[in-house]
Undergrad: 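If you scroll down you'll find the structure; I have some questions about it.
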2 protein chains.
Amino acid sequence: MTGGARTGAGPRPDRSSAAERAADELRRRITEGELTPQARLSEESLVDVLHVSRNTLREAFRLLTHEGLLVYRLNRGVFVPELDEDDLVDLYRLRRAIECDAVRTLRDLDETRLQPLRADVADGEASARRGDWRQVGTANMSFHRHLVGLAGSRRIDEVTARLLAELRLAFHIIDIPQELHEPNVARNRALVELLAAGDVAGAAAALEAYLLDSEARLLEALRERRAPSGGAAADADR
Amino acid sequence: MTGGARTGAGPRPDRSSAAERAADELRRRITEGELTPQARLSEESLVDVLHVSRNTLREAFRLLTHEGLLVYRLNRGVFVPELDEDDLVDLYRLRRAIECDAVRTLRDLDETRLQPLRADVADGEASARRGDWRQVGTANMSFHRHLVGLAGSRRIDEVTARLLAELRLAFHIIDIPQELHEPNVARNRALVELLAAGDVAGAAAALEAYLLDSEARLLEALRERRAPSGGAAADADR
DNA sequence: ACCCTAGGTATTGTTGAACAATCCCGCAAG
DNA sequence: CTTGCGGGATTGTTCAACAATACCTAGGGT
């Protein structure tokens with residue numbers, strides 16, 4: 001008898017837990033840049049905002065920690081990590097190893113499986129024409145996730161998802177989205193064409209050069225960002 | 001109430017949370033094989049055994065989920081995952097990508113940095129002479145963790161740790177530890193010698209053959225284990 | 001004036017109990 | 001034999017409180 005009400009327009013069980021929904025909301029805020037690096041996420045205040053209990057919120061924190069979007073510091077709270085240059089080098093090193101290997105060992109490609117990649121490329125090109133660089137970045141991430149997904153390995157997909165999520169953290173530090181994302185659009189299209197032609201070795205080589213270049217551009221942007229004035233991070237922590 | 005007791009055992013705060021300690025204990029039970037795959041971990045019973053609250057226990061579950069040692073099923077509980085053949089192939093695929101890349105890109109090796117590897121090899125050889133195949137397996141894991149550690153990448157180390165922990169789950173399914181672990185001893189020594197000679201390319205190639213062979217042996221063992229009669233798993237729980 | 005130490009306060013870590021939602025199992029009906 | 005329906009057990013979530021720790025501020029020594 002207590003049941004019932006669920007059938008109507010009420011909040012459906014959603015096949016996901018409250019912790020996951022809270023994590024979704026936090027993930028959005030982090031990737032959108034609303035929560036800036038090094039900011040402490042207060043349990044007390046987030047409980048009010050997300051309308052979940054402290055325990056559930058902490059479980060959401062764990063979820064996001066798993067994705068690399070938050071870090072725990074015992075007795076001090078959770079923080080959005082700030083990536084430094086070493087982190088970027090580290091991330092790209094792992095990324096090259098994973099992505100290049102995934103492409104290098106590809107077999108039995110057909111046009112059907114390339115379809116999601118082509119959709120991402122088209123999205124990136126359209127967004128670039130609109131000047132929506134954030135969406136270009138998002139399409140680029142989706143492209144690489146689909147690219148790695150061709151390997152058909154669950155664990156490789158997981159590592160990649162974590163990698164890209166963490167990498168996205170670096171984008172908010174940087175204020176030159178166009179120079180950063182624009183070159184990727186053409187590179188992604190070139191990659192798809194190489195794969196469509198069955199040239200996996202060529203695609204792997206192109207991808208490696210692509211990633212090395214992307215890393216260099218990001219590093220340079222990060223250094224410029226930090227060098228100029230330095231302590232310009234006057235952030236009211238409300 | 002029952003509290004207090006904490007003063008006697010550990011004077012120092014331990015620098016770790018109760019959830020981590022509970023996770024440590026669970027991890028031990030899983031890797032030692034006390035908790036068998038597909039067994040559900042009841043919250044109620046583990047609360048009594050580990051002397052933590054349900055919330056803390058659930059946080060420990062999350063921690064181990066991150067390591068791949070447990071899986072969550074919504075509204076059904078947590079389970080020790082049972083690796084099937086696809087999982088093994090998946091794990092080894094990622095493992096080859098990571099380890100071979102780590103070795104292939106090694107630079108500036110000197111004898112000092114090889115020291116931990118030599119210690120693991122010696123441990124493996126000594127344990128093999130004693131017939132302690134479980135310890136041979138442990139030394140082998142330590143060897144590979146140190147091997148990958150030479151790359152000096154935090155995230156690669158993390159992925160590797162998770163990988164090896166998950167791989168260990170497969171060992172308990174298998175009842176022929178000697179045939180499985182014995183060949184690794186000599187292979188590990190050969191790898192160290194190649195690295196000491198500065199032949200990283202040779203080492204990378206040897207490692208790839210090594211891992212392919214290791215995967216094949218594990219797969220065969222798993223198939224034999226499952227094919228024969230099947231329901232021989234008369235395991236007294238607790 | 002500076003450094004170091006001590007105490008107060010805010011925040012996190014952990015607990016236990018309670019309730020709601022969901023799943024699993026056995027059983028009756030077709 | 002399959003199908004639909006309770007009843008009981010387990011997980012999911014909330015709440016309120018206490019303990020432990022870190023941060024901040026004030027006071028004393030040099």
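Every heavy atom of this structure was used, including side-chain atoms; hydrogens, water molecules and symmetry mates were not. Every chain is numbered from 1 and lettered A, B, ... according to where its sequence line falls, protein lines coming before strand lines.
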Undergrad: With a 4.0 Å cut-off on heavy atoms, is Arg40(A) in touch with a base, just the backbone sugar-phosphate, or nothing at all?
TA: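 Answer is sugar-phosphate: Arg40(A) comes under 4.0 Å of backbone atoms only.
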Undergrad: Checking all strands, does Glu44(A) fall into the base, sugar-phosphate, or nothing category for heavy-atom contacts under 4.0 angstrom?
TA: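 Touches sugar-phosphate only.
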Undergrad: What integer distance in Å separates Arg58(B):CZ from dG13(C):P?
TA: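 The distance from CZ of Arg58(B) to P of dG13(C) comes to 18 Å, rounded to the nearest Å.
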Undergrad: Take atom CG of Leu57(B) and atom C1' of dG13(C), then tell me their distance rounded to the nearest Å.
TA: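 Taking atom C1' of dG13(C) as the reference, CG of Leu57(B) is at 16 Å.
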Undergrad: Report the distance from atom CG of Leu63(A) to atom P of dG12(D), rounded to the nearest whole Å.
TA: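 To the nearest whole Å, that distance equals 12 Å.
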Undergrad: With a 4.0 Å cut-off on N to O distance, would you call Glu59(A) and Arg62(B) a salt bridge?
TA: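 Salt bridge flag = yes for Arg62(B) with Glu59(A).
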Undergrad: Whole angstrom is fine here: how far is it from CZ in Phe79(A) over to P in dA22(D)?
TA: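 In whole Å, dA22(D) P lies 12 Å from Phe79(A) CZ.
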Undergrad: May I ask you to decide whether Glu158(B) forms a salt bridge with Arg155(B), counting only side-chain N to carboxylate O separations under 4.0 Å?
TA: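 Between Arg155(B) and Glu158(B) there is no salt bridge, as every charged N stays at least 4.0 Å from the carboxylate O atoms.
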Undergrad: Need to verify one output field. Residue with the more 5' nearest nucleotide on DNA chain D, Asn55(A) or Arg76(A)?
TA: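 The residue closer to the strand's 5' end, by nearest nucleotide, is Asn55(A).
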Undergrad: Would you call Arg21(B)-Glu25(B) a salt bridge at under 4.0 Å N-O?
TA: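 Judged by the 4.0 Å cut-off on N to carboxylate O distance, Arg21(B) and Glu25(B) do not form a salt bridge.
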Undergrad: Please state how far atom CD in Glu43(B) lies from atom P in dA9(D), giving the value in whole angstrom units.
TA: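 Spelled out: CD on Glu43(B) to P on dA9(D) is 17 Å.
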Undergrad: With a 4.0 Å cut-off, would you call Arg217(A) and Glu179(A) a salt bridge?
TA: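 No, this pair does not count.
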Undergrad: Looking at every strand, decide which applies to Phe61(A) at a 4.0 Å heavy-atom threshold: base, sugar-phosphate, or nothing.
TA: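 No contact.
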Undergrad: Please state whether the base of dG12(D) and the side chain of Arg54(B) form at least one donor-acceptor pair under 3.5 Å?
TA: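 Checked by distance alone, the answer is yes.
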